[in-house]
Amino acid sequence: MPELPEVETIARALQYGGRGSDSIVGKQIRTVQLNWERSLEEVPPEIFLSKILGQTIIQVGRRGKFLVIRLSEDHLIFHLRMSGDLRVESGIPAIGDFSLNQNHDRFLAIFQDNFRLVFNDPRKFGRIWLVENPQTVYKNLGPEPLGSDLSSETFHKALVTHHRRIKALLLDQKFLAGLGNIYTDEALFRAGIHPRKISNQIDLKKAALLLQSIRDVLTEGILRNGASIDWVYRGGDFQNTFRVYQKTGEKCQVCEETIQRIRLGQRGTHFCPNCQPEPGD
DNA sequence: CCTGAAACCTGTCTGC
DNA sequence: TGCAGACAGGTTTCAG
């Protein structure tokens, strides 16, 4: 699930309410339950538990794919990786609601009246931090793609300082924060750039188009509350607007060429051979 | 600096 | 039906 738009959607729901639940802002953590210790990054479980109790939720936000919860003393940070999700429950879960699957709940922060925040993560790849300074967690992250301070010129300069296949570079969180496999494929398609194009072969005009394409797919993803691909993430419908991702063998909506799938850096990669010509052509 | 492979995990789907 | 194998939205580490 979780690329930038999905994390943003969850963060907004926790901050303002939505996705069928209330805001967690202002709630005080009374109890916690940790079912899988390795979800915790670095901090020993005992210290984590003793530090977090009694703290109040101040604000929920996002940096790259990190979901950041500012507490009264510290920052509680989640990275959902491949299968993580956060949900809010109040009172007793409705009987028969299959969306409230308890199977893979790894961590629960419980507030007053059994109102709680639940971290569910089937594949156990997700991670949780509790730190005073959030910068220590994402100090290596690249710029926010939607940030107004990122100009086409800056983006282009960054592209040409590397000699890497553009898909791999866009997936690199140190280069740009927030893109994953879906939004990268979709952005490259819209920009008409082959995923194997070498980054320093991209001129300023094409770089500007790529940045705009990235912003378009991310903005559209956020507007649609993210993309729901499997049972993990619910609510979003950006998947209905995919043009290449998981469209292998289907006709390109622009030129009717057949969408292809290749493997690039261990990731399934989808593109239109006609709209995104092979580098060197 | 760059690439590929492996590792961390569980669930789902495909094909024999 | 059963079962092996491939595959999955991410990231880190290591070898070449």
Side-chain angles (χ1 to χ4, degrees), chain A residues 1-10 35-42 62-67 77-86 98-99 101-107 119-129 137-142 158-188 195-201 214 217-218 220-222 224-242 244-249 261-270 279:
Chain A
M1 156 193 61
E3 302 182 34
L4 187 154
E6 290 75 30
V7 179
E8 179 69 26
T9 300
I10 294 172
N35 299 331
W36 184 252
E37 289 194 353
R38 290 164 71 178
S39 294
L40 287 191
E41 194 71 29
E42 294 173 26
R62 176 194 62 75
R63 172 77 172 94
K65 299 175 191 171
F66 291 90
L67 187 130
I77 303 179
F78 293 88
H79 197 301
L80 306 174
R81 296 283 178 92
M82 295 283 266
S83 64
D85 193 14
L86 286 164
F98 58 83
S99 72
N101 180 0
Q102 308 288 309
N103 276 350
H104 305 293
D105 290 347
R106 309 299 180 197
F107 170 75
F119 173 59
N120 185 279
D121 184 25
R123 291 179 71 178
K124 298 177 177 171
F125 287 165
R127 289 294 180 269
I128 306 169
W129 292 259
V137 175
Y138 42 68
K139 57 181 180 294
N140 292 325
L141 274 190
L159 284 176
V160 299
T161 60
H162 295 277
H163 188 270
R164 291 179 70 181
R165 295 172 301 190
I166 187 61
K167 163 119 184 192
L169 190 56
L170 293 180
L171 285 174
D172 187 340
Q173 303 299 297
K174 295 190 290 298
F175 178 76
L176 192 65
L179 286 181
N181 209 34
I182 293 176
Y183 292 89
T184 301
D185 280 4
E186 293 296 324
L188 286 173
R196 266 199 292 258
K197 180 86 173 176
I198 304 301
S199 57
N200 66 356
Q201 313 274 97
I214 288 168
V217 293
L218 292 176
E220 203 176 321
I222 291 170
R224 292 177 169 275
N225 297 312
S228 311
I229 301 274
D230 61 24
W231 74 102
V232 175
Y233 182 80
R234 305 164 299 279
D237 67 346
F238 185 66
Q239 71 279 5
N240 297 326
T241 72
F242 289 170
V244 287
Y245 184 79
Q246 287 187 342
K247 298 290 183 187
T248 314
R261 181 183 193 276
I262 58 174
R263 202 156 255 282
L264 204 158
Q266 298 187 100
R267 309 305 299 275
T269 299
H270 314 74

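By convention in this document, chain letters (A, B, ...) are assigned in the order of the sequence lines, proteins followed by strands, and residues within each chain are numbered from 1.
For the OP1/OP2 pair of B:dC2 and a distance below 4.0 Å, the side-chain nitrogens and oxygens of A:Arg165 include no atom meeting the criterion. Put simply, A:Lys124 has a side-chain N or O that comes within less than 4.0 Å of OP1 or OP2 on B:dT10.
Note: CZ (A:Arg38) to P (B:dC8) measures 8 Å, nearest angstrom. When the P atom of B:dC2 is taken as reference, atom CG of A:Asn200 falls 9 Å away, rounded to whole Å. A:Asp121 places its CG atom 15 Å from the P atom of C:dG9, with the value rounded to the nearest Å. As rounded to whole Å, 13 Å separates atom P of B:dC13 from atom CD1 of A:Ile229. Atoms CG (A:Leu264) and C1' (B:dC2) sit 13 Å apart, rounded to a whole Å. The CG-P distance, from A:Asp85 to B:dT10, rounds to 18 Å in whole Å. We find that CG of A:Asp172 is positioned 12 Å from C1' of B:dC1, with the value rounded to whole Å. As a whole-Å value, the separation of A:Leu169 CG from B:dT3 C1' is 13 Å.
With hydrogens and angles ignored, the 3.5 Å screen pairs no side-chain donor or acceptor of A:Gln173 with any backbone N or O of A:Gly64.
A:Phe238 comes within contact range of no nucleotide atom at all, as no heavy-atom separation falls under 4.0 Å. Using a 4.0 Å heavy-atom distance criterion, A:Gly126 is classed as making no nucleic acid contact.
Proximity note for A:Asn181 (side chain, C-beta onward) versus B:dC2, C:dG10, B:dC8: the nearest is C:dG10. For A:Phe125, the side-chain atoms get nearest to B:dC8 when compared with the rest of C:dG9, B:dC8, B:dG11. Residue A:Arg164 has its side chain nearest to B:dT3 when only B:dT3, B:dG11, B:dC9 are considered. Residue A:Tyr245 has its side chain nearest to C:dG9 when only B:dC9, C:dG9, B:dC2 are considered.
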Next on the checklist: Each nucleotide in nucleotides 11-16 of chain C should get exactly one letter: B, S or -. Can you fill that in based on protein heavy atoms under 4.0 Å?
Outcome noted: B-----
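Across the C1' atoms, B:dT3 and C:dG9 are found 22 Å apart, a figure rounded to whole Å. C:dT1 sits 26 Å from B:dT10 when the P atoms are compared, rounded to a whole Å. The P atoms of C:dC3 and B:dC8 are separated by 25 Å, rounded to the nearest whole Å.
Take A:Arg196 and apply the salt bridge (charged side-chain N to carboxylate O under 4.0 Å, His left out) test, not counting sequence neighbours, and it matches A:Glu278. Residues passing the side chain to side chain contact (heavy atoms under 4.5 Å, CB included) test with A:Glu37 are A:Leu34, A:Pro45, sequence neighbours excluded. Contacts of A:Lys174 classified as salt bridge (charged side-chain N to carboxylate O under 4.0 Å, His left out), with partners at least two apart in sequence or in another chain: A:Asp172. Every residue two or more places apart in sequence or in another chain that forms a ring-ring contact (aromatic ring centres under 6.0 Å, His included) with A:Phe242 is listed here: A:Phe238, A:Tyr245. Judged as a salt bridge (charged side-chain N to carboxylate O under 4.0 Å, His left out), and not counting sequence neighbours, A:Arg123 has no contacts. Legend: residues meeting salt bridge (charged side-chain N to carboxylate O under 4.0 Å, His left out) with A:Glu42, ordered by chain and number and at least two apart, are absent. Under the rule for a side chain to side chain contact (heavy atoms under 4.5 Å, CB included), the partners of A:Arg263 that lie at least two apart in sequence or sit in another chain are A:Arg261, A:Gln266.
We find the CD-CG distance between A:Glu186 and A:Leu218 to be 11.5 Å, quoted to the nearest 0.5 Å. The CD atom of A:Gln246 sits 8.0 Å away from the OG1 atom of A:Thr248 when rounded to the nearest 0.5 Å.
Scanning DNA chain B for stems, defined as runs of 3 or more consecutive Watson-Crick or G-U wobble pairs whose donor-acceptor distances all fall under 3.5 Å, gives the following ranges: B:2-8 with C:10-16, B:10-16 with C:2-8.
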